[in-house]
Amino acid sequence: MGKSVVLVLLLAISVSGAPKKKAPAQFTPPEMFPHPIAMFLGSMSNQGVRSVTFKATAIGTRFFYEEPGRGVTVYQFTNGSYIKEAFLKNYTLDRAVKRYAKK
């Protein structure tokens with residue numbers, strides 16, 4: 001009986017001492033979306049049929065949009081709009097940003 005008590009105590013200590021996983025950051029939707037953005041997001045998710053995960057950033061006059069597992073689309077800001085400049089197949093967001101930082 002003494003061994004089982006020690007075993008239970010060791011198990012309790014190892015479980016409680018395990019590092020806790022950091023919770024993913026929560027997205028807080030903005031109070032307003034411009035109509036073109038709302039339409040774009042709706043079409044990306046196929047009107048809610050498909051789950052969508054992406055990363056994006058804007059640096060200087062470029063906007064980078066990553067679709068995990070596919071690549072990064074790079075847009076250049078021209079005449080008040082972002083125009084597609086390139087699609088970098090199998091790139092990550094970080095890698096694409098580094099590539100264009102050299103230009």
Side-chain angles (χ1 to χ4, degrees):
M1 185 156 135
K3 287 182 182 181
S4 63
V5 171
V6 172
L7 184 58
V8 168
L9 286 175
L10 286 175
L11 182 60
I13 290 169
S14 67
V15 170
S16 66
K20 296 189 172 147
K21 292 184 179 179
K22 186 177 177 182
Q26 293 292 323
F27 172 71
T28 303
E31 293 297 318
M32 185 273 303
F33 274 111
H35 180 71
I37 293 173
M39 297 306 293
F40 170 70
L41 292 172
S43 68
M44 264 184 20
S45 68
N46 193 17
Q47 307 311 320
V49 173
R50 180 181 61 199
S51 179
V52 178
T53 302
F54 67 91
K55 293 181 183 178
T57 190
I59 299 175
T61 59
R62 287 194 171 88
F63 177 75
F64 300 86
Y65 169 76
E66 177 191 346
E67 294 175 83
R70 286 200 64 228
V72 176
T73 304
V74 182
Y75 297 88
Q76 173 74 42
F77 190 74
T78 307
N79 298 326
S81 295
Y82 283 99
I83 309 298
K84 184 177 177 180
E85 180 177 359
F87 177 73
L88 306 174
K89 187 174 182 176
N90 297 324
Y91 268 62
T92 62
L93 189 63
D94 291 337
R95 187 174 165 208
V97 168
K98 286 177 186 173
R99 176 179 171 172
Y100 279 85
K102 297 175 186 177
K103 293 185 177 188

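Quick caveat: nothing in here was measured; it's all calculated off a predicted structure.
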Practice prompt. Could you pull out the closest heavy-atom pair between L88 and R99, with the gap in Å?
Written response: CD2-NH1, 3.2 Å
Tell me which donor-acceptor pairs under 3.5 Å the side chains of residues 45-60 have, and how far apart each pair is, sequence neighbours excluded?
| unit_1 | atom_1 | unit_2 | atom_2 | d |
| --- | --- | --- | --- | --- |
| S45 | OG | L41 | O | 3.4 |
| S45 | OG | G42 | O | 3.3 |
| S45 | OG | G48 | N | 3.2 |
| Q47 | NE2 | G42 | O | 3.4 |
| R50 | NE | M44 | O | 3.2 |
| R50 | NH2 | M44 | O | 2.0 |

Worksheet item: How long is the gap from OH on Y65 to CG on L93, to the nearest 0.5 Å?
Response: 11.5 Å
Worksheet entry | Contact summary for E85 and Y100, nearest pair of heavy atoms | OE2-CE2, 3.8 Å
Fill in: Same apolar cluster: V97 and F77, side chain cutoff 4.5 Å
no
Worksheet item: Going hydrophobic residue to hydrophobic residue with side-chain gaps under 4.5 angstrom, can you get from F33 over to F40?
Response: yes
Fill in: Y82 versus T61, closest heavy-atom pair with distance
CE2-O, 3.9 Å
